[in-house]
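Structure record follows, encoded as structure tokens.
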2 protein chains.
Amino acid sequence: MVAGPLPAPSGPGKDRLRLWIRLLRASRTIEAELRERLKKDFNTTLPRFDVMAALYRVPEGMLMSDLSRFLLVSNGNVTGIVDRLVSEGLVARARRNGDRRTSMVRLTEEGTQAFATIAAAHEGWIGELLGKVSEDDARRLTGMLTSFRSNWEGRE
Amino acid sequence: MVAGPLPAPSGPGKDRLRLWIRLLRASRTIEAELRERLKKDFNTTLPRFDVMAALYRVPEGMLMSDLSRFLLVSNGNVTGIVDRLVSEGLVARARRNGDRRTSMVRLTEEGTQAFATIAAAHEGWIGELLGKVSEDDARRLTGMLTSFRSNWEGRE
DNA sequence: GTGAATTATTTCAAGCTTAAAGTTTCATAT
DNA sequence: ATATGAAACTTTAAGCTTGAAATAATTCAC
């Protein structure tokens, strides 16, 4: 990934390779910037933000496995992040009556308020970082990426 | 990041937020797939591939700091990855006469051959994974992402 | 020339990440 | 009822990642 600008690749299929490289560099650049700001302004991390963002949409909570599927990361990964969020009082696990294997994970009151604040800043940052992309281009790009993704949805 | 499809965000500036979410999901999906294939088919990792790809472009080698700048990752990170590649015989460090702080890092003969093989497979995978994106759309998307990036090039 | 900043790199601690193996609980077929 | 298997989750080991501190070498101001 992140291959080179020097001997600009050419030939059949190179357009897609170049697209992938640009896509990756763009998302890494933005991610790095967001990570830095989350740390500096809110003393938190991108993975914690991701988990909280997922939970924020669903007040009643999510199962660990749903969370992991939604975030595209492994089960064990989510366990660790949620552990830390719980120890910080931002998230709570609730055992369920029906199935004792599972637990509903949800934002606490404190977590909900904390996330709302961070999310507002986050949206502003995105607006700033993607400021040079016109609203029109943004919609067009989003459309292309969506159709790409539908190609992969529910593959394995 | 990777926020939700459920309460579809709307309002001013939401188009850019949505774009970012799609961008991130697309790149994470592709990255996950590549990581899995690199592991299965070549018993290597994405970070190792990235470093080798960077070095492949420049037979004479790169400084650690150039490598870290190019790959958008921290110095200490590169140290660890290069250490492992060196211990596998794929990469070599060469102390320089001029400046004894620095060392030129380059692919070994073995590393060069290994990378050529992996890179060929990699390009095929990208062609497959992005197959639904037309060459035309690929070029257009690349253009948009490039102009976005120029906004950020050499910021801090 | 000496000392102070600067630069290149490594080391370190904490946290993120995965794949694989392990635990507990549930479902279902006899 | 009870085995068998599947499902939900956690644990573990190895590796990736960052930011900050530490080392070492160079450059620059005087």
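Throughout, protein chains are lettered first and strands after them, A, B, ... in sequence-line order, and every chain is numbered starting at 1. This is a predicted model, so every value here is computed, not measured. Heavy atoms only: backbone and side chains are in, while hydrogens, waters and symmetry mates are out.
- For the pair A:Arg37 CZ and D:dT18 P, the interatomic distance rounds to 17 Å; values are reported in whole Å.
- A distance-only check finds a donor-acceptor pair linking the side chain of B:Thr112 to the backbone of B:Thr108 [under 3.5 Å].
- As a whole-Å value, the separation of A:Met62 CE from D:dA8 C1' is 14 Å.
- The distance from atom CD1 of A:Ile30 to atom CH2 of A:Trp125, rounded to the nearest 0.5 Å, is 13.5 Å.
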How does protein reach along nucleotides 8-20 of chain C, written 5' to 3' as B (base within reach of a heavy atom under 4.0 Å), S (only sugar-phosphate), or - (no contact)?
SBBB---SSSB--

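- Across the helix from C:dG1-D:dC30 to C:dT30-D:dA1, the helix axis at one end is tilted relative to the axis at the other end by 10° (nearest 10 degrees, each axis from five pairs).
- Looking at B:Arg22 and A:Thr142, their side chains never bring a donor and an acceptor atom within 3.5 Å of each other.
- Spacing between atom CZ of B:Phe49 and atom P of D:dC16 amounts to 15 Å, rounded to whole angstrom units.
- Taking a cutoff of 4.0 Å between a charged side-chain nitrogen and a carboxylate oxygen, A:Glu128 and A:Arg37 qualify as a salt bridge.
- Note on B:Glu123 versus A:Lys14: salt bridge recorded, some NZ/NE/NH1/NH2 to OD/OE distance being below 4.0 Å.
- In this structure, A:Arg100 does not reach the C:dT24 phosphate: none of its side-chain N or O atoms is under 4.0 Å from OP1 or OP2.
- For residues 107-122 of chain A, the set of pairs meeting the salt bridge (charged side-chain N to carboxylate O under 4.0 Å, His left out) definition, not counting sequence neighbours, is empty.
- With B:Arg57 contributing its side chain and B:Ala54 its backbone, the two residues share a donor-acceptor pair below 3.5 Å.
- Electrostatic pairing of A:Glu135 and A:Arg140 does not count as a salt bridge here, judged by no charged N lying under 4.0 Å from a carboxylate O.
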